[in-house]
2 protein chains.
Amino acid sequence: MSSEDFLRLDLQLCFPLYAASRAMVQAYTPLLSKLGLTYPQYLVMLVLWETDGVSVKELGEKLYLDSGTLTPLLKRLETLAFVRRERSKEDARSVRVSLTPQGRALRRKAASIPEAIACRTGLTMEELARLRRDVQRLFESVSR
Amino acid sequence: MSSEDFLRLDLQLCFPLYAASRAMVQAYTPLLSKLGLTYPQYLVMLVLWETDGVSVKELGEKLYLDSGTLTPLLKRLETLAFVRRERSKEDARSVRVSLTPQGRALRRKAASIPEAIACRTGLTMEELARLRRDVQRLFESVSR
DNA sequence: GCCAATTCAGTTGCGCGCAATTGAATTGCG
DNA sequence: CGCAATTCAATTGCGCGCAACTGAATTGGC
């Protein structure tokens, strides 16, 4: 097997990962569109539901996204009235993002989504947990 | 554990998948930029290196991408002189994509990439193969 | 206290992805 | 044959991702 054989599409890891990631996002899409959210917007809401009032920097660290992605996304969430954005009093470079009452209320509507998605995977909770752990390890290896 | 607990970011499968997919593409990026390619363009080249002269439809079936993504991408590959696009004689609705000599020559320059990426994952060949299979199965479950 | 270095969010530009639509070509049914 | 339904690629519009850069605010060394 020569080094060029490794160029075969069916032998690559990245391509299935890329295809699976997009397919999972597509599975979320009809559920999220009922809430008026895209998948990346949903990720931001997940963070805020856990920890309200984070800075753009902290959001970026949790989601591995930069301000070039987050700033316009957060502006859209603000237009939707799910979040507020305000310059920090202590450090005027920083912007704090916090939930509006509507943003907080959205959490209950989103509560059924994770289980619906888990079903779509056809995996048991144990298989899901193992795959998540393996993919997380891969991420950690690759992202440095 | 209530249904809202499943909204925790660290319990989701999709988010690690999404992060890992992007991190892997980022690992490819410096290697591919030497060839003048983006990752999706590289995927198209992988298909053409295996099967030259496929239609846009066939490319889409192999890569799970539609004409809205492929048409402009292929135009860019054409501008780079790696592929040619021409209406099929037999069926004028279809467009056949084929490699130019430069496109074919690029394969040798790309030959070292898969191994370099495999190293970055920190996984053995067996672990890589197993993860690829698991992710592929996930994709098949979710994408219907 | 000063000022260079750093840290923030924001902006610009570009290439995807993808839904929705268009228009041309082909197919298939009566 | 005739024409409606289908199949193609292309287009439009929008929301990411991300590299590169900007400008304002803060920090740290002296």
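FYI, side chains are in, hydrogens and waters are out, and symmetry mates aren't considered; it's all heavy atoms of this structure. Chain letters run A, B, ... following the sequence lines, proteins first, then strands; residues in each count from 1.
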B/Glu50 meets the salt bridge (Lys or Arg N to Asp or Glu O under 4.0 Å) criterion, sequence neighbours left out, with none
Rounded to whole Å, OH of B/Tyr64 lies from C1' of C/dG17 at a distance of 16 Å
In whole angstroms, the gap separating P of D/dA9 from CD of B/Glu86 amounts to 14 Å
Pair A/Glu86, A/Arg84 - check side-chain contact (heavy atoms from CB on, under 4.5 Å), show working.
CA-CA 7 Å; A/Glu86 43 196 353; A/Arg84 278 177 302 119; 3.2 Å; yes
Per the under-4.0 Å heavy-atom filter, residues of residues 20-45 of chain A near DNA chain D come out as A/Thr38, A/Pro40, A/Gln41
note: A/Arg76, atom CZ; D/dC16, atom C1'; distance rounded to Å ~ 7 Å
Residue pairs meeting ring-ring contact (aromatic ring centres under 6.0 Å, His included), one or both in residues 83-134 of chain A, sequence neighbours left out, come to none
Taking five pairs at each terminus, the helix from C/dG1-D/dC30 to C/dG30-D/dC1 shows an axis bend, to 10°, of 20°
When rounded to whole Å, the CD to P distance for the pair A/Glu90 and D/dT26 reads 10 Å
Hits for ring pair (Phe, Tyr, Trp, His ring centres under 6.0 Å) against A/Phe139, two or more places apart or cross-chain, chain-then-number order -> A/Tyr64
Quick note, B/Tyr18 side chain, CB onward, closest among D/dT26, D/dG15, D/dG17 is D/dG17
Here the ring-ring contact (aromatic ring centres under 6.0 Å, His included) pairs for residues 80-134 of chain B, sequence neighbours left out, are none
Can you give me every donor-acceptor pair (side chain of residues 51-60 of chain B, partner residue at least two apart or in another chain, under 3.5 Å) with its distance?
from, atom 1, to, atom 2, distance (Å)
B/Asp52, OD1, B/Leu99, N, 2.9
B/Ser55, OG, B/Glu58, N, 3.1
B/Ser55, OG, B/Glu58, OE1, 3.4
B/Lys57, NZ, B/Glu61, OE2, 3.0
B/Glu58, OE1, B/Ser55, N, 2.9

Side chain to side chain donor-acceptor pair (under 3.5 Å) pairs touching residues 13-32 of chain A, sequence neighbours excluded, are A/Tyr28-B/Gln12
Here the salt bridge (Lys or Arg N to Asp or Glu O under 4.0 Å) pairs for residues 63-79 of chain B, sequence neighbours left out, are B/Glu78-B/Arg85
In short, ring-ring contact (aromatic ring centres under 6.0 Å, His included) pairs touching residues 104-133 of chain A with sequence neighbours left out are none
Rounding to 0.5 Å, atoms CG (A/Leu13) and CG (B/Leu131) come to a distance of 5.0 Å
Residue pairs passing the salt bridge (Lys or Arg N to Asp or Glu O under 4.0 Å) test with at least one member in residues 134-144 of chain B, sequence neighbours excluded, are A/Arg130-B/Asp134, B/Arg130-B/Asp134
Letter by letter from the 5' end, nucleotides 6-13 of chain C scores (B base, S sugar-phosphate only, - none; protein heavy atoms under 4.0 Å) -BSBBB--
